Participant: 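Have a look at this one.
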Amino acid sequence: MSDGTSSRFHVRAQDQPVVDQGDAGNESWMSAGGDPRDRGRLIELVSEQLVGSERLMVGLAWLSPGEVHLLHHHPHADE
């Protein structure tokens, strides 16, 4: 927020870590539906951990030319 205080409802993309969507070593990401065959990066903006959302996950994702993100579903969140 502009006055220096924080809010769980105000999430800035630049403050969030970038997730490698194919990182098989990231146990929490894999258990959330990640696949080591995926490529691309993701920054979460709305999730249970960030804002308390029980089902919805929203983020910014991007792929480099030639990368793929497989058709999938998340067992614990809608996106």
Side-chain angles (χ1 to χ4, degrees):
M1 299 179 82
S2 61
D3 63 1
T5 61
S6 63
S7 166
R8 71 180 191 131
F9 301 109
H10 181 249
V11 177
R12 294 174 5 149
Q14 68 188 35
D15 296 337
Q16 301 309 311
V18 176
V19 175
D20 175 351
Q21 296 188 82
D23 182 0
N26 185 332
E27 291 182 33
S28 65
W29 181 251
M30 291 296 124
S31 68
D35 188 311
R37 298 171 296 169
D38 279 335
R39 297 296 173 259
R41 281 124 327 266
L42 170 78
I43 297 173
E44 291 184 9
L45 298 175
V46 174
S47 68
E48 184 175 10
Q49 295 79 16
L50 289 173
V51 299
S53 175
E54 293 180 8
R55 293 281 312 154
L56 181 67
M57 188 276 206
V58 176
L60 299 172
W62 64 98
L63 303 169
S64 294
E67 291 184 328
V68 297
H69 190 67
L70 302 172
L71 181 62
H72 65 283
H73 77 282
H74 296 274
H76 306 294
D78 302 321
E79 68 178 334

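FYI, the numbering just counts along the sequence from 1. Only a predicted model underlies this, so the values are computations on that prediction, with no experimental measurement involved.
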Participant: Out of curiosity, Q21 CD to R37 CZ, how far, rounded to the nearest 0.5 Å?
Facilitator: 13.5 Å

Participant: Only counting residues at least two apart or in another chain, list the ones meeting side chain to side chain donor-acceptor pair (under 3.5 Å) with D20.
Facilitator: none

Participant: I need the L70 CG to R39 CZ distance, nearest 0.5 Å.
Facilitator: 9.0 Å

Participant: Residues in side chain to side chain donor-acceptor pair (under 3.5 Å) with D23, at least two apart?
Facilitator: none

Participant: Looking at residues at least two apart in the chain, or sitting in another chain, which of them share a side chain to side chain contact (heavy atoms under 4.5 Å, CB included) with Q14?
Facilitator: R12

Participant: Is L63 reachable from L42 through a run of hydrophobic residues whose side-chain heavy atoms are each under 4.5 Å from the next?
Facilitator: no

Participant: Is W62 reachable from V11 through a run of hydrophobic residues whose side-chain heavy atoms are each under 4.5 Å from the next?
Facilitator: yes

Participant: Check side chain to side chain contact (heavy atoms under 4.5 Å, CB included) between L60 and all other residues, then give those that pass, not counting sequence neighbours.
Facilitator: A13, L45

Participant: Among residues at least two apart in sequence or on other chains, which ones pass side chain to side chain contact (heavy atoms under 4.5 Å, CB included) with A24?
Facilitator: P36

Participant: Between CD of E44 and OG of S53, what distance do you get to the nearest 0.5 Å?
Facilitator: 10.5 Å

Participant: With sequence neighbours left out, what residues match R41 under side chain to side chain donor-acceptor pair (under 3.5 Å)?
Facilitator: S64, E67

